[in-house]
There are 2 protein chains.
Amino acid sequence: MELDERKMTILRAIIQNYLETGEPVGSRTISKYTDLNLSSATIRNEMSDLEEMGYIIQPHTSAGRIPSDKGYRLYVDMLMQDKQMEMDNLKLELNAKSEKLDSILKEAAKVIAVNTNYASMITAPRYHRRRIKFLQLTQVDNASLLAVVILEGNVVKNNLIHVDEVLTQETLLKLNLMLNTFLQGLDIEEINASVMQKLRTESGGYAPLISDILDVIATSLENEEVEAYTSGSTNIFKYPELNDSAKASNLLTALEEKKELTELMYQEGDSDRGIQVYIGDESPIEATKDCSVVTATYHIEEGVYGKIGIIGPRRMDYKKVVGTLQNLMSELDQIFKKGK
Amino acid sequence: MELDERKMTILRAIIQNYLETGEPVGSRTISKYTDLNLSSATIRNEMSDLEEMGYIIQPHTSAGRIPSDKGYRLYVDMLMQDKQMEMDNLKLELNAKSEKLDSILKEAAKVIAVNTNYASMITAPRYHRRRIKFLQLTQVDNASLLAVVILEGNVVKNNLIHVDEVLTQETLLKLNLMLNTFLQGLDIEEINASVMQKLRTESGGYAPLISDILDVIATSLENEEVEAYTSGSTNIFKYPELNDSAKASNLLTALEEKKELTELMYQEGDSDRGIQVYIGDESPIEATKDCSVVTATYHIEEGVYGKIGIIGPRRMDYKKVVGTLQNLMSELDQIFKKGK
DNA sequence: ATTAGCACTCAAATTGCCTGAGTGCTAACA
DNA sequence: TGTTAGCACTCAGGCAATTTGAGTGCTAAT
């Protein structure tokens, strides 16, 4: 059987109607809805065909039809082809003077959630391949040193390190110089045993201190779970089909834990494949089997990028979501470019 | 009418039973439950009295009784009097080497949520009256300065500031020295116009830069919404009485927004009144009208403290919750004392 | 190829009935 | 005078029967 023009029109009508109402849609509705001027009976025949082909489903005999995952998939693929999305013009309202990564991200998550009425999540750029740009030790008081590490992309990490002795200004200066000389430009994985060994011998009497410092820096950078911010998770209550307590609880737990979702977002290998859409069972993780997830990538610079995700019901307004994401992506790209 | 010993026993029995089951409790249950050896009929009479006094409520004719807010209140007050709480011994598993405030707090929130099976929230210590301990500018690259501010309690804040010119090492050193001399030991509110004026004149050619810097520092410290972390918000699904979608949605929104809850926690003026319990309508905020909220204070040092809150159903296991909070409070107090 | 008509199906809402838990009251008892 | 047994009454919740209405599939006519 062939998926001709008319069948497509009908399918699209079914999907769009279902997106709006969330109720199974019947033949009569379609007959009025479209401008095909066909009677409900004809539509019925076509719908029967569409069902046979697997694009729509009858939840039970004598109910209307709803799109299957396959149907959604077709619809989404069509959408993605005509790139011309209408975008509402969203703006991040940010404190321009000082750029704080996390507040940008939080804001972005919120903007998305509010605009789309779905749940959103955004991950901080991944440390992976992020290089050390600058590094500094400072004596804060008798017992503690402050270690500040700035990574490419101007991500700042700081750690307090407890020490037993007070270091002189001179020693600190020496240590700082040394640390920077040896570590600048390296990414975390490149700080291997040989580099560390060299540092230790160079440091003269301060080998144990250096070890400590490297240790703290390394663990604080490595152990870093990818930071992630969610927003609008309660939006899911707006969609009755997610609104039974078991499903809602699962989803909310996933949103609270974030870990699994982060994996989902990064799971397509490391490359940036633009906007990805997971419909229902297509998703590799259990928690979102009843939802759709749309993810996108934003860039800070070569090899440093983060992800944005939108989680909503299967009958998500894909058009709007994709548009919003594209918009936000470019907005973020711009912000980070300016920051450089 | 008087609330004699026997009535108290019965009331306590009713509450305890209701805490366990969540179902209205009837006279027969109590007759068996307590060791008073009274028939259900007698209990009925007593219950009728208790209801008249407002300690218990009948959700509908011919159902059992449930505690009223007044009843809970009495129960909680009694609890608070015999301080001897059993505490399960919870331990924060923390990376001992570097102490990062936010990870301690996150961990604490989680520990509470897991231990109690309620939702928890913890706020970072309030900046209020927090003094500047140390302050440093560093040139990161051609276009940006890094400003690190360490506050009492070893809370570290950092900000990148964009500049147009490259400063020499010497200038930086001078600026740093100056900033520290003038600002050390001040709290945010003490940085007033006169201090700023003095700084500007002292700085010679760098007045505009200084203004910028002060601006960034001040706004970043002032605008800081009190940071707050929540955990276990999905625990509320475990309690059927909160589990209808309207209530759940409200509560979860409040937990996500955090703002209102933060206000609740700090609303009792600034002093530390130990453990506070808000039962149902006693709470000043709308979102928790169907819940109980228990808050406690932990201390970092004089005048610097944060709050912990537990949000659960009215029939919360107050005994356990209060115990857990006391335990955690002392645990936190200890951690921060060690850190000093 | 399209349509009107009709019989059929099934979920959801409505109704009525029953049951069991629980109460309040009264009269009897210690 | 406080306690208890007994009984009538209430009401939520569960269950089954019934109705309703939206929607389908099929067939015969156009």
Side-chain angles (χ1 to χ4, degrees), chain A residues 1-11 13-15 17-18 20-68 71 240-241 243-244, chain B residues 1-11 13-15 17-18 20-68 71 240-241 243-244:
Chain A
M1 202 169 333
E2 234 215 307
L3 191 66
D4 56 15
E5 189 58 37
R6 199 170 72 176
K7 284 192 173 50
M8 286 289 276
T9 315
I10 293 174
L11 178 57
I14 293 174
I15 293 182
N17 191 285
Y18 183 66
E20 278 168 33
T21 64
E23 296 290 310
V25 359
S27 51
R28 259 195 85 221
T29 318
I30 297 300
S31 147
K32 282 182 288 180
Y33 199 123
T34 60
D35 40 7
L36 285 175
N37 268 65
L38 293 176
S39 84
S40 63
T42 315
I43 303 289
R44 273 205 287 288
N45 290 329
E46 295 288 25
M47 280 166 91
S48 161
D49 290 354
L50 282 170
E51 181 166 14
E52 203 177 318
M53 288 189 271
Y55 291 112
I56 54 182
I57 290 175
Q58 227 177 350
H60 56 265
T61 10
S62 90
R65 309 297 217 286
I66 61 174
S68 69
E241 64 266 46
N243 196 340
D244 81 283
Chain B
M1 202 169 333
E2 233 215 305
L3 191 65
D4 57 14
E5 190 58 37
R6 197 170 74 175
K7 283 192 173 50
M8 286 289 275
T9 316
I10 291 174
L11 179 57
I14 293 174
I15 294 181
N17 192 286
Y18 182 65
E20 278 168 34
T21 63
E23 296 290 309
V25 0
S27 52
R28 261 195 85 220
T29 318
I30 297 300
S31 151
K32 282 182 291 179
Y33 199 118
T34 60
D35 41 6
L36 287 173
N37 268 66
L38 293 175
S39 84
S40 61
T42 315
I43 304 288
R44 272 203 289 287
N45 290 330
E46 296 288 26
M47 280 166 92
S48 160
D49 290 353
L50 282 170
E51 181 165 13
E52 203 177 320
M53 287 188 272
Y55 292 112
I56 54 182
I57 290 174
Q58 227 177 347
H60 56 266
T61 12
S62 89
R65 309 297 218 286
I66 61 175
S68 70
E241 65 265 46
N243 195 339
D244 81 283

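Labels below follow one simple rule: chain letters A, B, ... track the order of the sequence lines, proteins then strands, and each chain is numbered from 1.
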5' priority, DNA chain C, between B/G64 and B/N45 [closest heavy atom]: B/G64
Of D/dG6, C/dC10, C/dA4, the nucleotide closest to the side chain of A/S39 is C/dA4
Pairwise side-chain contact, B/L50 with B/K7, heavy-atom cut-off 4.5 Å (strictly under): yes
Measure the distance from CD1 on A/I30 to P on D/dA22 and round it to the nearest whole Å. 16 Å
Here the distance between atom P of C/dT3 and atom CZ of A/R28, to the nearest Å, is 14 Å
Please answer whether the main-chain N or O of B/Y55 pairs with a side-chain N or O of B/S68 as donor and acceptor at a distance below 3.5 Å. yes
Length of the line joining A/I43:CD1 and D/dA22:C1', which is rounded to integer Å: 17 Å
If you check the B/S62 side chain, which of D/dG25, D/dC11, C/dC10 turns out closest? D/dC11
Of the candidate nucleotides D/dT24, C/dG24, D/dA12, which contains the atom at the shortest distance from the side chain of A/S27? D/dT24
Among C/dT23, D/dT3, C/dA4, which nucleotide has an atom closest to any side-chain atom of B/R65? C/dT23
Tell me the interatomic distance from B/L50, atom CG, to C/dG22, atom P, rounded to whole angstroms. 17 Å
Residue pair A/L38 / A/R44, side-chain heavy-atom distance below 4.5 Å: no
Could you state the atom-to-atom distance from CE of B/M47 to P of C/dG24 in whole Å? 8 Å
Measure CD/B/E52 against P/C/dT23 and give the value in whole Å, please. 16 Å
Between B/Q58 (side chain) and B/G64 (backbone), is there a donor-acceptor pair under 3.5 Å? no
d(CG, A/N37; C1', C/dA4) in whole Å: 16 Å
How do B/R44 and A/A63 order along DNA chain D: which one's closest nucleotide is nearer the 5' end? B/R44
Select base, sugar-phosphate, or nothing to describe what B/A41 touches, counting heavy atoms under 4.0 Å on all strands. base
Among the nucleotides C/dT9, C/dA11, C/dG24, which one has an atom lying closest to any side-chain atom of A/T61? C/dT9
Rounded distance (Å) that lies between atom C1' of D/dA22 and atom CD1 of A/I66: 16 Å
Note, A/I14 side chain near A/I56 side chain (heavy atom, < 4.5 Å): yes
Any base atoms under 4.0 Å from A/T42, or only sugar-phosphate, or nothing? Heavy atoms, all strands. base
